[in-house]
**Student:** 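Please see the structure below; I have some questions.
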Amino acid sequence: MDLLAGLNPQQRQAVTSWEGPVLVLAGPGSGKTRVLTHSIAYRIRQLGARPYSLLAVTFTNKAAREMETRVAGLLGEQIQGLTLGTFHGVCVRLLRREAEHLPFDSNFVIFDADDQERLVKQALRDLDIDEKLYRPGSVHGAISRAKNELLLPEDFPILSYRDEVVRRIYEKYQDLLIRSNGLDFDDLLLWTATLLDQVPAVREKYARRYEHILVDEFQDTNMAQYQLLRHLSSYHGNLYVVGDVDQSIYRWRGADYRNVRRFESDFPKVEVVLLEENYRSTQEILDAAMAVITPNRNRRHKELRAVRGTGQKLQFYEAYDDRSEAAYVVDRISTLVAMGRADPGDFAVMYRTNAQSRLLEEAFLHAGLPYKLVGAQRFYGRREVKDVVGYLRLVYNPADEISLLRVVNVPPRRIGQKTQAALRQQAERARMSAGAMLLELSRGEDSPFFEMFKGRTAAPLAVFGQLYAGWRRALPELTPLKLMDRILDDIGYETYLDTSSDEGLSRWENVLELRRLASEYEDRGLMAFLEDVALISDQDTLDEAGSVPTLLTLHAAKGLEFPVVFIVGLEDGTLPHIRSFDDPEAMEEERRLLYVGVTRAKDALYLVNAQNRTAFGYAEPTEPSRFLGDIPDDLLNGSVRLRRRDLLSRESAAQLRWDDGNGTAAAATRKYAAGMKVRHEVWGDGMVLNSRLQDGDETIDIFFEQVGLKRLAASLARLDIMER
DNA sequence: ATGGACAATGTTTTT
DNA sequence: CATTGTCCAT
C-alpha cells in the first residue's frame, strides 16, 4: 500500500517531512489524523525507524486508540514497541519506571479532580484555614495553574497576602499527596518534566530512545507539556507537532496556544506546513466559521477551502425561551428523520455549559426519542462508583488517606468525624499511615495501639480493620473482579444502596457496570484498572454504537464531526459566557469555542438561541450572542434580532426617563449591565451578573469576590462602576 | 454517630 | 433551582 496515495500535495509534504522540528498547521477537517498516522507509518516503513524509537502523544485516550488502530491498519503488525498514548498515560508509565528518583514509590495512585479538592480541604483543615475565605475550588485552581507552569510551592509567585496563604496550602497539599503515595493529574506532567530536567541520566535515556516524537493538538499543551517535549527531543531533535491555534480551547486548564509561536522561535529552522483544504464541510459552513474567528488577534490568517463545494445556507432560529429552544431542536430532528433526510445518528446538539443539557434531555424524553450524552455527571464521577473504586484503591495502597476517609464509614459503621480524626491523629503520632494503623488495629486488643484510643472508639475501627486486613491478605491471589465482589459482599453494598428504590437500583446498576469493566482486567491486574479508571476522560466514554443524536458541550465536540449540528444558547452571557466578559483573552477563547462547534458540521448547521433563559431560578430576557453579528446575513436563513443595546441608542433617552412624583428620578434605563465590574464600600469588588427594571427601580445581582452573590436596588446601593 | 429538616450557596469548559 | 452544608433531635 502506497502511503502517499490519495494525499493532496500539502498532506504529502507533511507526511514526508520528518527531520528536525516540523510544525503542521492543520485547519479543521483538513485530514490531520490522516497526516499523523501516515507520518508514523512513513517513518517506520520508508525510513526504517524502529517502532520502539517512536513516541506519539495525544490528549485523549480515544484519539490515541484511533491513531493506534489506523497505524496498525497501515502497517499490519509492525507496531510492537511503539509508544503511543496520552500525555498523562505516557507520563505515568515513565514515572513508575523511574520511581527510584522520586519521592514516592512506583505503585502510586492517581488523584482525580474530586480527590484533589478533598485533599485541598484536608490541607485547609490541617492548617486551620477558613474554607469560606479560601474556597477549596479556587485554591485548587491556583495550585493547578502553578503546577502547569512548573512552579513548585517555593516558586509560587507572591503578590498579596492571599498568595502567601495559598502557597502554604500548596505546600501542605503537596505534602499530603506524597504521604498518600498519590499524584494528581498535574503532578504526572510536573514530575515528569522536573525529572527530565534535573536528572540528566534519565533525560539522556529517553531522549536517545525517542528518535521521532509526534504530538497531536499541540495548541492545547501547557508549559509542563512543552518542557517535557523539549527534553524528550533534546537528543535527536525530531519533534513533529500538529495543531491549530484557532481550536485552542483549554486555556483555563493551563493550555497556552502561544506554545505554537514559542515553538517557532525556540526552533528557528522549523519547517511549517499549512493544511487548508477542508474535506468535511460545505463552503457556507466554512465561511461562517471564518467570519466568527477572523476578529481574533494573535492568529495567522488561514483560508478554509471546501473541497466539497457549496451546500445549503445555515439556519438561524430564535425561540421564545430555553424550553421552546429545546423543543425546536427535537422537532427539527424528528421531522428530518421522518422525512428520511437524515439518520438519528447524524445529529449533534452542542452547548456551552453542561447545565444546558437538562432541558434538551427533557425534550428528547418527552418526545420519546433516544439520545446519548457525552460527559456531565460522568460515570466515574458518580458517588457509588467512586466509593467502590475508593475501596479498591485503599486495598491497593494503604497510604491513600483520601480513599480511606471516603470509604471508612460507607456504609455507616460508627466511624464518624471524631473517630476519623482520632485515627488520623494516632497514625500521625505513630508515624504510620492511617491505613497501616487500621491494619494494626485489626488485631484488636493484641495491638499496642488499641488502648491509645479513648473509650470505645477503637472497637468499630478494629472491626473495619479486620475486613480491611482480610482484603489485603487476599489481594495477591484475587483478580480485580474477584476482589471487588468480595468487598461488595463483605460490606453489604447492595443492601446499603437499597435496590428497592429507583435511585438505589440505578446506583447498583452502575456498580454492576463497573464490575463489567473490571472483568476486562483479569490479566492486567488491579494497578492497570485503577490507572485507566483515573485517566479516562469524557470524550473517551462516547461510544460510536447506536444511531441516536449526541448531546455534548462544545469542548467535548473537538475532534468530532456530524452531518447536522445544532449549536444552542447563542446568547451573550452563555456564548460568550459571562465569566469571560472582562478578559479579552477569554473572549477570544469563546470565539474559538464557537469556531470549533461550527466546524464540526458537515452538511447542515443550525444556530439557535432563546429570547428568555432561566438561570438561578428566574427567567431573564437575553441578548443575542455578539458573535452572531459577525456572520454575514447571506449565509443565514432567518434573521438575527437587533440587540437591545443597539435599539436603545436609537430611541431618545428623554423618553425613557420619568419622574416618580417624589422629585427623584426613578430608573427607566438600566445603568448596570452584566459583566460590569463594580465596587461596593463594604463588600468590595464584584461583577454584575444581571440587571433588570422592576417597579421603577433597577435590580442588580452582583457577585462579590469577598462575600458572594448579592441582590440589590440600584437607587439605594452605593456602587462605583470600575469597568464596563 | 446518625439522619432528617432547613438554610445557604453557587453554575464554564475537564485531561 | 438544586445541590451541598449545617443544625438539631434522636
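Proteins come first, then strands; the chains are lettered A, B, ... in the order of their sequence lines, and each starts at number 1.
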**Student:** Of the listed nucleotides (dT15(B), dA1(B), dT2(B)), which one gets closest to any side-chain atom of K418(A)?
**Tutor:** dA1(B)
**Student:** Using a heavy-atom cut-off of 4.0 Å across all strands, would you classify R579(A) as base, sugar-phosphate, or nothing?
**Tutor:** base
**Student:** Measure from CD on E117(A) to P on dT4(C) and round the result to the nearest Å.
**Tutor:** 11 Å
**Student:** Report the nucleotide, chosen from dT2(B), dT14(B), dT6(C), that has the shortest atom-to-atom distance to any side-chain atom of K132(A).
**Tutor:** dT6(C)
**Student:** Within a 6.0 Å radius of atom CZ on R323(A), are there more than 12 heavy atoms belonging to other residues, nucleotides or ligands?
**Tutor:** no
**Student:** Could you state the NE2-P distance from H88(A) to dT15(B), rounded to the nearest angstrom?
**Tutor:** 9 Å
**Student:** Looking at the side chain of R135(A), which of dG3(B), dT9(B), dT11(B) is the nearest nucleotide?
**Tutor:** dT9(B)
**Student:** So is R253(A) actually on top of Y250(A)'s ring, under 6.0 Å and inside 45° of the axis?
**Tutor:** yes
**Student:** Nearest whole Å is fine: how far is dT9(B) C1' from E131(A) CD?
**Tutor:** 13 Å
**Student:** Whole angstrom is fine here: how far is it from CZ in R383(A) over to P in dT3(C)?
**Tutor:** 12 Å
**Student:** Over how many whole Å does the gap from Y351(A) atom OH to dT13(B) atom C1' extend?
**Tutor:** 12 Å
**Student:** Using side chain to side chain contact (heavy atoms under 4.5 Å, CB included) as the criterion, point out the one residue from I143(A), V120(A), V139(A) that pairs with Y170(A).
**Tutor:** I143(A)
**Student:** For the pair made of CD1 in I110(A) and P in dT15(B), what is the distance, rounded to whole Å?
**Tutor:** 14 Å
**Student:** Base, sugar-phosphate, or nothing for T614(A), non-hydrogen atoms under 4.0 angstrom?
**Tutor:** nothing
**Student:** Please say which of L189(A), L195(A), L196(A) ends up in a side chain to side chain contact (heavy atoms under 4.5 Å, CB included) with T192(A).
**Tutor:** L196(A)
**Student:** Reckon D220(A) touches a base, only the sugar-phosphate, or nothing at all at heavy-atom distances under 4.0 Å?
**Tutor:** nothing
**Student:** Please give, in whole Å, the distance from dT14(B) C1' to D112(A) CG?
**Tutor:** 11 Å
**Student:** Counting just side-chain N and O atoms, does K121(A) come under 4.0 Å of either OP1 or OP2 of dT4(C)?
**Tutor:** no
**Student:** Is the positively charged end of R262(A) above the ring of Y257(A), judged by distance under 6.0 angstrom from the centroid and angle within 45° of the axis?
**Tutor:** no
**Student:** Cation-pi between R393(A) and F111(A): NZ/CZ under 6.0 Å from ring centre and within 45° of the ring axis?
**Tutor:** yes
**Student:** With a centroid cutoff of 5.5 Å and a plane-angle limit of 30°, would you call W252(A) stacked on dT13(B)?
**Tutor:** yes
**Student:** For dT2(B) and R413(A) - does any side-chain N or O of the residue sit under 4.0 Å from the phosphate oxygens OP1/OP2?
**Tutor:** no
**Student:** Under 4.0 Å between a side-chain N or O of T553(A) and OP1 or OP2 of dT14(B)?
**Tutor:** yes
**Student:** For a quick test of reading the model: is some side-chain N or O of N354(A) closer than 4.0 Å to OP1 or OP2 of dT11(B)?
**Tutor:** no
**Student:** I want to check one thing: is the phosphate of dT15(B), taken as OP1 and OP2, less than 4.0 Å away from some side-chain N or O of N222(A)?
**Tutor:** no
**Student:** Here's a test of your reading of the structure: between Q417(A) and E590(A), which maps to the more 5' nucleotide of DNA chain B?
**Tutor:** Q417(A)
**Student:** So what does R358(A) touch, heavy atoms closer than 4.0 Å: a base, only the sugar-phosphate, or nothing?
**Tutor:** sugar-phosphate
**Student:** Please determine whether any donor N or O and acceptor N or O are separated by less than 3.5 Å between the side chain of H555(A) and the base of dT14(B).
**Tutor:** no
**Student:** Which comes earlier along DNA chain B counting from the 5' end, the contact point of L189(A) or that of T457(A), where each point is its nearest nucleotide?
**Tutor:** T457(A)
**Student:** Rounded to the Å, how far apart are F111(A) CZ and dT15(B) P?
**Tutor:** 19 Å
